[in-house]
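Comments concern the structure below.
We're numbering straight along the sequence, starting at 1.
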Amino acid sequence: QVQLVESGGGLVQAGGSLRLSCAASGRTFSKYSMGWFRQAPGKERDFVAAISWISARTYYADSVKGRFTISRDNAKNTVYLQMNSLKPEDTAVYYCAADGSVVPHTTRAHYDYWGQGTQVTVSS
């Protein structure tokens, strides 16, 4: 069982930066690949980034590649999403999720546990 709590969202101007954190409870955090998804109003929840638990290999959606960086600190049971050069279209609720696979998936159906989400709003 893994419980996830996101933080770090807020309001930022276009071009600015935010760092999201996702704190996990449970002794097996290090055995889960972790992902970030986002959901804008009226839209589907889309994949943003993921990181493997075994190799720390990272995966990104094309829309955020080069601007966002996912990382994890297994000692702190925390995964991060550093977001730079933010755009208004990045506005959404951001969710972290845990995937029991060695190689994380980009589809939400494969994720076993979800956080409650944190709002990110980018003004133009």
What are the two closest non-hydrogen atoms of Arg108 and Arg45, and how far apart are they?
NH1-O, 3.1 Å
Gln82 side chain to Arg19 main-chain N or O, any donor-acceptor pair under 3.5 Å?
no
Side chains of Arg38 and Val64: does their closest heavy-atom pair fall under 4.5 Å?
yes
Exercise: do Asp99 and His105 side chains pair donor with acceptor under 3.5 Å:
yes
With Met83, the side-chain contact (heavy atoms from CB on, under 4.5 Å) member among Asp90, Thr69, Leu20:
Leu20
Apply side-chain contact (heavy atoms from CB on, under 4.5 Å) to the pair Leu4 and Met34, showing each step before the final yes or no.
CA-CA 10 Å; Leu4 305 171; Met34 299 297 295; 3.9 Å; yes
Less than 4.5 Å apart, any side-chain heavy atom of Pro88 and any of Gln13?
no
Is the backbone of Ser101 close enough, under 3.5 Å, to the side chain of Ser33 for a donor and an acceptor to pair up by distance?
yes
Quick one: pull up OG in Ser124 and CD in Glu89 and give me the separation to the nearest 0.5 Å.
10.0 Å
If Ile, Leu, Val, Met, Phe, Trp and Tyr residues are connected whenever their side-chain heavy atoms lie under 4.5 Å apart, and connections chain through other members, are Ile70 and Val120 in the same group?
yes
Heavy-atom side-chain contact between Tyr95 and Gln39 under 4.5 Å:
yes
Please say whether more than 12 non-hydrogen atoms of neighbouring residues, nucleotides or ligands are located less than 6.0 Å from NZ in Lys43.
no
Distance from Phe68 atom CZ to Leu86 atom CG, nearest 0.5 Å?
5.0 Å
Hey, can you tell me if Tyr111 and Phe37 have their rings parallel, tilted or perpendicular (30° and 60° cut-offs)?
perpendicular
As an exercise, state the distance from CZ of Arg67 to OG of Ser85, rounded to the nearest 0.5 Å.
7.0 Å
Correct closest heavy-atom pair for Gly8 and Leu18 would be O-CD2, 3.8 Å
Once you round to the nearest 0.5 Å, how far does CG of Leu81 lie from OG1 of Thr118?
11.0 Å
State, yes or no, whether a side-chain contact exists between Trp36 and Glu6 at a heavy-atom distance under 4.5 Å.
yes
Got Thr91 and Gln119 here, is their nearest side-chain heavy-atom distance under 4.5 Å?
yes
Say you draw a straight line from OG of Ser52 to CZ of Arg72; how long is it, rounded to the nearest 0.5 Å?
7.5 Å
OH of Tyr59 to CZ of Phe47: how many Å apart, nearest 0.5 Å?
9.0 Å
Please tell me whether Val12 and Tyr80 are part of a single hydrophobic cluster in this structure, the criterion being side-chain heavy atoms less than 4.5 Å apart.
no
Write down the atom of Ala24, the atom of Val2, and the distance for their closest heavy-atom approach.
CB-CG1, 4.1 Å
Ser17 and Asn84 side chains, donor-acceptor separation under 3.5 Å:
yes
Using atom types as modelled and distance alone, determine if a side-chain donor or acceptor of Thr78 lies under 3.5 Å from a backbone N or O of Lys76.
yes
I would like to know whether Val102 and Trp53 meet side-chain contact (heavy atoms from CB on, under 4.5 Å); could you show each step before the answer?
CA-CA 6 Å; Val102 172; Trp53 71 264; 3.9 Å; yes
Residue pair Gln116 / Val5: nearest heavy atoms and the distance that separates them
OE1-CA, 3.7 Å
